Amino acid sequence: LNFTSTLGGQTFNSPFLNASGIHCQTAEELADLEGVKELGGIVTKSATLEARAGNDKPRYYDLAYGSINSMGLPNSGYNFYLDYVQKEHAKPTILSVAGLSVADVIKLLKEVQASDYQGLTELNLSCPNVIGEPQTAYDFETTRKVLTEVFSFFTKPLGVKLPPYFDLVHFDQIAAVLNDFPLTHVNTINSVGNGLVVDVEKEQVVTKPKGGFGGLGGAMVLPTALANVRALRQRLNPSIAILGTGGVTTGADVFAHILCGAQLVSVGTQVIKEGLGVYARLEKELSDIMEAKGYTSLEDFRGKLQVM
Ligand SMILES: CC(C)(C)CCc1c(C(=O)O)[nH]c(=O)[nH]c1=O
C-alpha cells in the first residue's frame with residue numbers, strides 16, 4: 001500500500017502524526033515518537049518565546065468518550081524546540097509555535113526564519129491575541145493582520161492550526177482569509193473550546209484551571225473534526241493541504257478524515273488512552289479497510305466523500 005505523501009518539501013512515509021501537545025513536550029517524549037515506525041512525522045508541543053510551567057493541576061482529565069484539558073501551554077520554550085527540529089531525524093518535523101501576543105508571534109517566527117531549520121512550521125491560531133478578546137482564529141481581521149505581517153518576512157513552509165468552526169459562514173470567512181496567503185497547510189481541528197465536565201458524585205468540576213472549563217478532544221469531537229476538514233477542503237486553494245486532527249480512535253476514523261480531504265491525520269487523546277502502540281493498530285485497521293475496498297493508495301479515495 002502506498003502511504004507516502006509530500007508536504008512543504010518534506011516526504012511523509014505514513015499519514016500518521018501525533019497531535020501537537022500530546023507526548024511531544026520533553027526530549028524523552030520526542031525521542032519516543034522517533035521510535036514509532038508508523039508515525040510519518042513528529043509535531044512539537046506549541047512553543048512560546050519563554051518556557052512555561054502551564055496551569056495548575058489537575059489540568060487534563062480522561063473520559064470514556066474523550067478528554068478535557070486546560071494545560072496552559074506548558075513547554076520548554078522555543079529555543080529547545082528549534083534546536084530539536086534542527087537535529088537529524090528519521091522523520092520530518094512540524095515545529096508548532098504559539099504566541100500570547102502578535103509581537104511574540106512575530107519575534108518567534110523571525111527566529112525560525114533566521115535559523116537553518118528547513119522543515120515545516122505551524123502557527124497555533126487558537127491562542128488569544130489579547131486577553132479578553134476572542135482567540136485569534138475567531139477574529140478574522142486579526143488573523144488576516146497576523147498572516148500579512150508574518151508573510152512579509154517568512155519564506156519557509158508554514159501552516160496554521162485552527163480551532164473548530166460551527167457556522168457555515170465562518171468557514172467561508174476563514175477560508176477567504178487563508179486563501180490570500182501561501183500556506184503549506186491548515187491543521188484542523190484544535191480542541192473544541194471551553195467544554196465543561198462535571199463529577200456528579202463529588203458535585204465538582206474535574207479540572208482546576210478556568211473553573212473547570214477546557215478544550216475537548218477524543219471520540220466526541222470526531223463529527224466536528226470531519227466537518228471542519230471537509231468544509232475547509234471544499235473552500236481552500238488546492239495548494240493548501242489539510243491535516244486532519246480530532247476524534248481518531250480507529251482506522252475507520254482515519255479513513256473518514258482522508259475521505260473528507262485530509263492528507264495527514266493526527267492522533268491525540270487516543271495516544272494518552274492507549275499509548276504509542278495505537279499507531280500500529282490504526283495502520284493495520286486502515287490497511288485492512290483499504291484492501292477490502294481494493295484501494296492501494298490514499299489518493300484513491302482522498303477527498304472523495306460522496307453526498308446523497
Ligand atoms: C489553549 C492555549 C493555551 C491558548 C493554546 C495551547 C493549547 C492547549 C493548552 O496548552 O492548554 N490545549 C489545547 O487543547 N490546544 C491548544 O492549542
Side-chain angles (χ1 to χ4, degrees), residues 17-26 29 43-63 65-78 80-81 94-105 108-109 121-139 142-143 146 159-165 174 185-197 205-222 224-225 228 243-248 266-273:
L17 297 174
N18 63 295
S20 176
I22 309 295
H23 210 104
C24 59
Q25 185 179 328
T26 65
E29 290 174 332
V43 185
T44 71
K45 169 64 182 176
S46 294
T48 49
L49 277 180
E50 308 296 331
R52 292 171 53 88
N55 291 335
D56 289 346
K57 297 177 180 176
R59 58 196 187 183
Y60 181 93
Y61 186 81
D62 200 55
L63 297 154
Y65 47 88
S67 65
I68 185 169
N69 90 82
S70 185
M71 308 302 284
L73 259 176
N75 75 98
S76 307
Y78 86 93
F80 169 79
Y81 300 100
I94 300 180
L95 173 65
S96 177
V97 297
L100 298 176
S101 67
V102 175
D104 276 10
V105 166
L108 222 169
L109 288 174
T121 300
E122 183 176 285
L123 175 56
N124 184 344
L125 290 177
S126 285
C127 290
N129 162 37
V130 171
I131 307 294
E133 284 188 12
Q135 58 175 293
T136 305
Y138 284 164
D139 177 339
T142 299
T143 299
V146 170
V160 291
K161 179 74 173 285
L162 296 176
Y165 298 94
I174 190 62
H185 73 276
V186 160
N187 188 335
T188 177
I189 61 171
N190 204 322
S191 52
V192 171
N194 294 305
L196 179 65
V197 173
V205 299
V206 299
T207 45
K208 182 171 182 183
K210 293 176 56 177
F213 283 66
L216 304 177
M220 68 177 130
V221 308
L222 181 64
T224 294
N228 278 261
L243 304 192
T245 300
V248 171
S266 320
V267 185
T269 296
Q270 196 58 26
V271 168
I272 294 184
K273 289 174 178 290

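Note that ligands are numbered from 1 as they come in the structure, with each ligand's atoms numbered from 1 the same way. Predicted model, so just to flag it, every value in this text is computed and none were measured.
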Atoms in ligand 1 flagged as close to Gly72, the criterion being non-hydrogen separation under 4.0 Å: 9 (C), 10 (O), 11 (O)
Lys45 and ligand 1 - part of the residue with a heavy-atom distance under 4.0 Å: side chain
For Asn69, atoms of ligand 1 separated by under 4.0 Å from a heavy atom: 8 (C), 9 (C), 11 (O), 12 (N), 13 (C), 14 (O)
Ser191: numbered ligand 1 atoms lying under 4.0 Å from its heavy atoms: 13 (C), 14 (O), 15 (N)
Nitrogen or oxygen atoms of Ser70 and ligand 1 under 3.5 Å apart: no
Smallest separation among heavy atoms of Tyr81 and Gln25, with atom names: OH-O, 2.6 Å
Under 3.5 Å side-chain donor-acceptor pair for Asn75 and Thr48: yes
Leu73/Ser46 under side-chain contact (heavy atoms from CB on, under 4.5 Å): CA gap, chis, key distance, verdict: CA-CA 7 Å; Leu73 259 176; Ser46 294; 3.8 Å; yes
Nitrogen or oxygen atoms of Met71 and ligand 1 under 3.5 Å apart: yes
Spacing of OG1 belonging to Thr207 relative to CE belonging to Met71, to within rounding of 0.5 Å: 11.0 Å
Closest candidate by heavy atom, reference atom 2 (C) of ligand 1, pool Thr136, Leu73, Thr48: Leu73
Interatomic distance, Asn187 atom CG to Leu123 atom CG [nearest 0.5 angstrom]: 11.5 Å
Ligand-side contact atoms (ligand 1) for residue partner Ser126, heavy atom cut-off under 4.0 Å: 4 (C)
Protein non-hydrogen atom below 4.0 angstrom of atom 9 (C) of ligand 1 present: yes
Location of contacts on Asn190 toward ligand 1, heavy atoms closer than 4.0 Å: side chain
Considering all heavy atoms, the nearest Ile189-Asn228 contact: CG2-CB, 3.5 Å
Flag side-chain contact, heavy atom, 4.5 Å: Leu196 against Val205: yes
